[in-house]
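As a basis for the values below, the full set of heavy atoms in this structure was taken, side chains included, without hydrogen atoms, waters or symmetry mates. Just so it is clear, the model here is predicted, and its values are computed rather than measured. Counting starts at 1 for both ligands and their atoms, following the listed order.
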Amino acid sequence: MATATTPLSVGTERVPFVDLVAQYESIAADLDQAALGVLRRADAILGKEVELFEGEFADYCDAPHAVAVDSGTSALELALRAFGVGPGDEVITVANSFIATALAVSYTGARPVLVDADPSTSTIDVSQVERAITDRTRAIMPVHLYGHPADMDPLLEIARRHSLVVIEDACQAHGARYKGRRVGTLGDAAAFSFYPAKNLGACGDGGIVVTTHKRAVQMLRMLRNYGQAAKYHHLLKGFNRRLDTMQAAILRVKLRHLDRWNQARREHAALYSRLLQTTGLALPVEARYAESVYHLYPVRTKDRDRLRAWLGDQGIDTGIHYPVPIHLQLAYRDLGHGPGSFPVAEAQALETVSLPMYPELVEMSIRQVADAVATFVGVQSAPAQLAQRAA
Ligand SMILES: *Cc1c(COP(=O)(O)O)cnc(C)c1O
């Protein structure tokens, strides 16, 4: 690793990993008014705001349809169900994601079939997908991890050749673009999460399915609402997975700020990348086809755990996304994988640490984080050099 060139920081402010209070305070009056409006109208379930939000979010994605549900996990599961995925089927997805990606497949009765990640973008390694296809494969579920789109065109081409459905896990990528197009409209359907810390977050759980297929819309509406086509007339055994009107009202206010927030994330990422250039850490890269929305800013180093502890000592909070890849989770021991099954995902689990990233992050904090990283690299490399000289 290169020695630090950045001077020691004098800043001692705590830097949180995300700051949802700062986001609330920046638009408090509008959020308060939206929430009060729902309380006063008391249209808590499938109220007017839900339909309005569905239209606005679909427009945001340049998509024709959206159906709002109670979480990103539900959005993934119901999207799979709406396209007929069920028991006996296989769905190809990636080993390094949040576990909900695989759980959504399991809930339908289908089996997640994992492939490894591309080491540069951390998204699904498209070159491994075709090998994973069997007679039972029904769908491919790429994940736009960390806000960076998966390489969709070659994936869609494989899907077309094998008549497979493509469901995008866009839970971390609201507003990201692939070759200029918004994610969410590239596959047959896409799932977004509104978990509070996502790029667009509710005040609780929420999610939405975006789709280009009109025929899927009716099915999704029934699936989220007890399988009901008209009140008390149930065509199938659906679920209670509706987005609350309260969440829709809050999301409508926040959606107006999403592009600005994503732009701030991109600027923060650019500054991190400039300041950390000389540290020897592996930094996030944007593929030529991609415009990432930097849900996270993960860096890689073999010294991850000590770097993380050092940053913690400096009052800088970090995260690991994710410490255990899906195939090594106890919950998925039935898939029969072990250490070595997906080396890229496993290396990332051991080596990545996500630095503070949220729109309201200020430049001084980014400099403080970068200084702390550089100092760590300098401090750590000196004894290593001594040890080398002694050897
Ligand atoms: C957050 C997330 C989910 C699940 O969304 P919830 O709203 O928490 O259910 C699924 N996939 C990925 C990649 C996520 O980041």
Side-chain angles (χ1 to χ4, degrees), residues 17-18 20 53 57 66-81 91-108 112 114-115 117-118 121-124 139-150 152 166-176 183-184 186-187 189-210 223-224 239-244 247-248 250-251 254 262 265 284 292-298 319-327 329 331-332 345 348-349 352 354 357-358:
F17 184 62
V18 294
L20 296 177
F53 175 65
F57 194 78
V67 179
V69 295
D70 61 346
S71 74
T73 309
S74 285
L76 287 167
E77 181 198 341
L78 299 191
L80 289 164
R81 286 182 184 275
V91 176
I92 296 171
T93 188
V94 66
N96 70 328
S97 183
F98 181 53
I99 195 161
T101 307
L103 287 176
V105 175
S106 300
Y107 296 159
T108 69
L114 303 174
V115 302
D118 177 296
T121 64
S122 303
T123 58
I124 192 166
I140 309 175
M141 205 154 78
V143 181
H144 305 313
L145 198 72
Y146 309 146
H148 187 291
M152 292 300 290
V166 175
I167 309 288
E168 300 167 66
D169 182 340
C171 286
Q172 300 188 357
H174 322 62
V183 303
L186 306 162
F192 292 85
S193 164
F194 303 126
Y195 177 81
K198 301 289 163 94
N199 291 39
L200 179 62
C203 186
D205 280 307
I208 203 165
V209 183
V210 167
L223 284 169
R224 75 170 171 188
F239 307 90
N240 177 353
R241 307 283 189 83
R242 302 165 302 215
L243 181 73
D244 294 337
Q247 301 304 347
I250 286 164
L251 288 164
K254 290 196 180 185
N262 282 341
R265 287 174 183 272
S292 172
V293 289
Y294 292 93
H295 174 58
L296 296 170
Y297 187 89
I320 297 180
H321 301 90
Y322 295 89
V324 182
I326 292 171
H327 68 286
Q329 296 283 357
Y332 276 112
Q348 285 179 343
T352 62
S354 303
M357 174 56 84
Y358 50 92

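In this structure, atom 4 (C) of ligand 1 lies nearest to the protein heavy atom Thr73 OG1, 3.5 Å. When only non-hydrogen protein atoms are considered, atom 2 (C) of ligand 1 lies nearest to Lys198 NZ, 2.7 Å. Among all protein heavy atoms, the one lying closest to atom 15 (O) of ligand 1 is Gln172 NE2, 2.8 Å. Protein heavy atom nearest atom 7 (O) of ligand 1, with residue, atom name and distance: Ser193 OG, 2.6 Å. Looking only at protein heavy atoms, the nearest one to atom 11 (N) of ligand 1 is Asp169 OD2, 2.8 Å.
Listed by number with element, the atoms of ligand 1 under 4.0 Å from a non-hydrogen atom of Ala100 are 3 (C), 4 (C), 10 (C). Near Phe98, meaning under 4.0 Å from one of its heavy atoms, ligand 1 places the atoms 2 (C), 3 (C). Heavy-atom proximity to Val143, at under 4.0 Å, picks out these atoms of ligand 1: 13 (C).
Proximity of the aromatic rings of Phe192 and His174 is defined here by a centroid distance below 6.0 angstrom, and this criterion is met.
Of all the heavy atoms of Leu145, none lies under 4.0 Å from any atom of ligand 1, so neither backbone nor side chain is involved.
Only one option out of Val183, Thr121, Val293 pairs with Pro149 in a side chain to side chain contact (heavy atoms under 4.5 Å, CB included); it is Val183. With Gln172 as reference, His295 is the one residue of His144, His295, His148 to meet the side chain to side chain contact (heavy atoms under 4.5 Å, CB included) rule.
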Derivation and outcome, side-chain hydrogen bond (donor to acceptor under 3.5 Å, both in side chains), residues Thr123 and Asp118:
CA-CA 6 Å; Thr123 58; Asp118 177 296; over 6 Å; no
side-chain contact (heavy atoms from CB on, under 4.5 Å), that's the test. Do Phe98 and Tyr322 meet it? Break it down for me.
CA-CA 7 Å; Phe98 181 53; Tyr322 295 89; 3.6 Å; yes
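Looking only at distances, no side-chain donor or acceptor of Asp70 sits under 3.5 Å from a matching main-chain atom of Asp205.
Looking at ligand 1, you won't find any N or O of Ser97 less than 3.5 Å from one of its N or O atoms. Between Gly72 and ligand 1, at least one N/O pair is under 3.5 Å apart.
Residue contact check for ligand 1: His144 places no non-hydrogen atom closer than 4.0 Å to it.
Taking OG of Ser97 as the reference point, atom CE of Met141 lies at 7.5 Å (rounded to 0.5 Å).
A 6.0 Å sphere centred on OH of Tyr195 holds no more than 12 heavy atoms belonging to other residues, nucleotides or ligands.
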